[in-house]
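See below for the structure under consideration.
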There are 2 protein chains.
Amino acid sequence: MCQAGGMRADARKNYDHLLEVARGVVAEHGADASLRDIARRAGVGLGTLYRHFPTREALLEALLRTSFDELTAHAADLERTGTPEEALLTWVRDCTRFTTTYHGVTEIMVAAIEAPDSALHASCVALRAAGARLLLRAQEAGVARPGMDGTDLFALIAALAWLGDQAALAPRAEHLFDVIAVPALGGRDVVRGTA
Amino acid sequence: MCQAGGMRADARKNYDHLLEVARGVVAEHGADASLRDIARRAGVGLGTLYRHFPTREALLEALLRTSFDELTAHAADLERTGTPEEALLTWVRDCTRFTTTYHGVTEIMVAAIEAPDSALHASCVALRAAGARLLLRAQEAGVARPGMDGTDLFALIAALAWLGDQAALAPRAEHLFDVIAVPALGGRDVVRGTA
DNA sequence: TGACACACGGAGCACCGCTCCGAATATTCT
DNA sequence: AGAATATTCGGAGCGGTGCTCCGTGTGTCA
């Protein structure tokens, strides 16, 4: 979207390199990593970084775009190949797992979904829509709680991802998924073992 | 614990005033408010603030201590006066409501529960214990999901409080409570209306 | 090859957390 | 009362941050 064809050669090189370096730094230090540090490690002036990515969110958007697209595509796959219940649960699980990849991304995502100006807005809305489809399908099949909408599902995923981001709770992330997400979605109760 | 008897008069005055000012600033700007700003507004040097509250968490601890104590006491009350199910649900609701009072406190609380050196550690552990009692009582009465422990409950409360802290989701905080917390706790399903 | 538009880099501003120490002052002792 | 002492005060200073702005350097195209 940004690195369109009409871009000077040196500019494109810096853009790509910056993105590559940023991926590493963000993976290590989280979404609020020092932009100055990213520029420094990329051997590039701070102004260069800000011209290519005028906003921290613009940088994150470039970083996450492909993963987001994969997740929405994944939802479509599951909708075609799996049972409604299974599809919903595994997609939610995969979403929370991915969101935990970069620390601090969750917060930015939930902020973006209600902020049309955010660079991440479109991606987040698409993600919510994909989840809503899966949820609706499961509800129609009677295997998911009615009275829940796409935003609720988005919030549920965000909450679980946030829990996984907290060092103190990360070890029991999967258990928390069983204890919180599964009953909330109305799926088979893996803890009680009843219906 | 800090403002013991043996304190110089001017020191005590500064301590109290600082705390009062901090309450306002934290209420307005959240848990990561500028300490410099707090000192400035209190008409006090930065060194003074740091001597009385060597750590941001120490300041928050002083700010939240009484509320925490009230919440644990509240749990004991509910245990005595209410049904196991009702007691658990209302306590969890009250906890999440309070935690949302100061923005950003949730994150610090979950970090504190596994960090014995944190000034907030004791309070958080006490809170978890109070919740665990209520949970156990409800489990024994068969109105709460087994396989859940005090830490899970703490995490659930934290997740809900975090959701309530997000501007984009705050309006549906109560709905999210019904959709996430109620089924997770195994209480009556207010959405479906079935057992 | 020359001209021009564009990209580059970093100095600069205001803010942050946190430390450290000379100056001021409450307290206590004589 | 006045002096000695122990504490407290306050802010300068350090290294970091986000972000802007503009003189300089350099690809690109006629």
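Quick caveat: nothing in here was measured; it's all calculated off a predicted structure.
Rounded to a whole Å, the CG atom of D32(B) is 15 Å from the P atom of dG18(D). R40(B) has its CZ atom 13 Å from the P atom of dA12(D), to the nearest Å.
Applying the 4.0 Å criterion to OP1 and OP2 of dG16(D), one finds that R36(A) has every side-chain N and O outside that range. Look at H52(B) and you'll find a side-chain N or O under 4.0 angstrom from OP1 or OP2 of dC9(D). OP1 or OP2 of dG10(D) lies within a sub-4.0 Å distance of a side-chain N or O belonging to T48(B). An OP1 or OP2 oxygen of dC8(C) is reached within less than 4.0 angstrom by a side-chain nitrogen or oxygen of N14(A). Contact annotation: S34(B) does not reach the phosphate of dC15(C) (side-chain N/O to OP1 or OP2, under 4.0 Å).
Smallest separation of non-hydrogen atoms from A173(B) and G164(B): CB-CA, 4.5 Å. The minimum heavy-atom distance between G104(B) and D165(B), with the atom names listed, is N-OD2, 2.8 Å.
Residues passing the side-chain hydrogen bond (donor to acceptor under 3.5 Å, both in side chains) test with E79(B) are R133(B), sequence neighbours excluded.
Between G45(B) and D37(A), the residue whose closest nucleotide on DNA chain D is further toward the 5' end is G45(B).
Residue-level contact check: R51(B) touches the bases, meaning some heavy atom is under 4.0 Å from a base atom. Residue-level contact check: A33(A) touches the backbone only, with heavy atoms under 4.0 Å from sugar-phosphate atoms and none from bases. Nucleic acid contact class of L46(B) (heavy atoms, under 4.0 Å, all strands): base.
The pair R93(A)-D178(A) counts as a salt bridge, with a side-chain nitrogen and a carboxylate oxygen less than 4.0 angstrom apart.
F154(B) and L136(B) sit in two unconnected hydrophobic clusters of ILVMFWY residues. Membership requires side-chain heavy atoms under 4.5 Å apart, directly or through other members.
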Atom pairs under 3.5 Å, N or O on each side, protein against nucleotides 26-30 of chain D: can you list them with distances?
from, atom 1, to, atom 2, distance (Å)
dT28(D), OP1, A9(A), N, 3.0

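Without hydrogens or angle criteria, H52(A) side chain to R12(A) main chain gives no donor-acceptor distance under 3.5 Å.
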